[in-house]
**Q** 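Okay, handing you the structure first.
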There are 2 protein chains.
Amino acid sequence: MFSNSSKYAIKSVLFLAINSTENKKIMVKDISIPINVPKAYIAKLLQELAKKNMISSVRGPKGGFYLNEENLNRTVLDVVRVIDGEKKLNACMLSLKKCNEEKPCPLHNILSESRNKILKNLKNKRIKDLAYEVTLGNSFLPL
Amino acid sequence: MFSNSSKYAIKSVLFLAINSTENKKIMVKDISIPINVPKAYIAKLLQELAKKNMISSVRGPKGGFYLNEENLNRTVLDVVRVIDGEKKLNACMLSLKKCNEEKPCPLHNILSESRNKILKNLKNKRIKDLAYEVTLGNSFLPL
DNA sequence: TCTTAAATATGATTTTTATCATATTACTTC
DNA sequence: GAAGTAATATGATAAAAATCATATTTAAGA
Ligand code: FES
Ligand code: FES
């Protein structure tokens, strides 16, 4: 479904959504451990997310990462797109040239409806929304 | 979702289901081209599928691959399991230790239902069933 | 303005996945 | 039973993904 990198990216963005604010920035080393991702690896991902405006960052002392209001309104799909790219999300599950209704592969009919539903959900859920669910205790964000 | 190898495996099994019988075996070179997968690569996959009894084979002249009745009754999920292994199909989408309802990750609630549906469908569809759909013209198995 | 703390840029290494190549074994047919 | 054909076993290479490492830049505070 997603690459490892995308999963890590989602985890870190959610972690920031829950634990950071503009006045309470968080450093890589303090993200790496709680979300259980190697420091150097997550550092690179965070840089990429920052460059694409999915998260905010300032450097130097007192610096770190955090989410501003714009960042909080991004969707999960936005995050995945930044890391994994557009293509594979709509690709045919049997790797035909393109996935479409007119000439569906044998798996299309039994998969596409569910797949579209997942896509729709990923597109509708803002980071903010997911973070809220965690604070309510409806879902969990550990290792 | 699936690895490239699994996709290729599914394609080749379906191709055999549609085009082969015990009296009409098919050689790698005659599978490779129509399903658009490199010969040496698909050869290796076919060997693995044969070893795990997902397809049938005989070697020597007049040899090749085909599906017997048992093979035709395998499910798509069986094929995927043989190639990709069990684990990743039920893994948490955010790579938590395990995916479960008691301690769901933030994505669990918006994904698991669809995912389970896909799994169920893959488990219920026999190779035979999918091949039949293709012969009816309801789905297509080209490149 | 100097020192220090943090992200950023860049790229090297490792691991996994995908791909390619070939010698060996088994089955047919003559 | 010899010759030829096709799968099988085995392993090498290439490409991509994941992981690690470090020099550079920016900002804060003394
Ligand atoms: S055509 Fe294959 S998944 Fe749509
Ligand atoms: S707990 Fe993450 S997908 Fe189920």
**Q** Round to the nearest Å and state the distance from K29(B) atom NZ to dT5(D) atom C1'.
**A** 9 Å
**Q** Would you kindly give the CG-to-P distance between N4(A) and dA18(D), to the nearest whole Å?
**A** 5 Å
**Q** K7(A) has an atom NZ; how far is it from atom C1' of dA17(D), in whole Å?
**A** 13 Å
**Q** In whole angstrom, what separates K25(B)'s NZ from dT5(D)'s P?
**A** 17 Å
**Q** For K24(A) and N19(A), indicate whether the former's side chain and the latter's backbone hold a donor-acceptor pair under 3.5 Å.
**A** yes
**Q** Roughly how many Å is it from CE in M27(A) to P in dA28(D), rounded to a whole number?
**A** 15 Å
**Q** Rounded to the Å, how far apart are L45(A) CG and dA7(C) P?
**A** 14 Å
**Q** For the pair D129(B) (side chain) and K125(B) (backbone), establish whether a donor and an acceptor sit closer than 3.5 Å, ignoring hydrogens and angles.
**A** no
**Q** Could you give me the CA-CA distance, side-chain angles and deciding distance for K25(B) and K62(B), then say whether side-chain contact (heavy atoms from CB on, under 4.5 Å) is met?
**A** CA-CA 8 Å; K25(B) 308 187 185 69; K62(B) 294 281 172 180; 5.8 Å; no
**Q** With nearest nucleotides of DNA chain D determined for L46(B) and S3(A) from heavy-atom distances, which residue corresponds to the more 5′ nucleotide?
**A** L46(B)
**Q** OP1 or OP2 of dA18(C) sitting under 4.0 Å from any side-chain N/O of Y8(B)?
**A** no
**Q** Take atom NZ of K24(B) and atom P of dA6(D), then tell me their distance rounded to the nearest Å.
**A** 16 Å
**Q** Test of understanding: with side-chain contact (heavy atoms from CB on, under 4.5 Å), list the residues that count as partners of S5(A), not counting sequence neighbours.
**A** S3(A), Y41(A), L45(A), I83(A)
**Q** Can a side chain N or O of S57(A) be found less than 4.0 Å away from OP1 or OP2 on dT8(C)?
**A** yes
**Q** Could you give the NZ-to-C1' distance, from K52(A) to dA7(C), as a whole number of Å?
**A** 17 Å
**Q** Describe the nucleic acid contact of I83(A) in one word from base, sugar-phosphate, nothing, applying a heavy-atom distance below 4.0 Å.
**A** nothing
**Q** Would you mind building the protein contact string for nucleotides 20-30 of chain C? One character per nucleotide, 5' to 3', B for base within reach (heavy atoms under 4.0 Å), S for sugar-phosphate only, - for untouched.
**A** BB---BBBBS-
**Q** If you check every side-chain atom of K51(A), which of dA9(C), dT8(D), dA7(C) has the closest atom?
**A** dA9(C)
**Q** Going by salt bridge (Lys or Arg N to Asp or Glu O under 4.0 Å), name the residues that satisfy it together with E70(A), two or more places apart in sequence or in a different chain.
**A** R74(A)
**Q** Which value, rounded to the nearest 0.5 Å, describes the distance between N71(B) atom CG and F65(B) atom CZ?
**A** 12.0 Å
**Q** Evaluate L122(B) against V80(B) for side-chain contact (heavy atoms from CB on, under 4.5 Å), listing each step before the verdict.
**A** CA-CA 9 Å; L122(B) 292 176; V80(B) 174; 5.5 Å; no
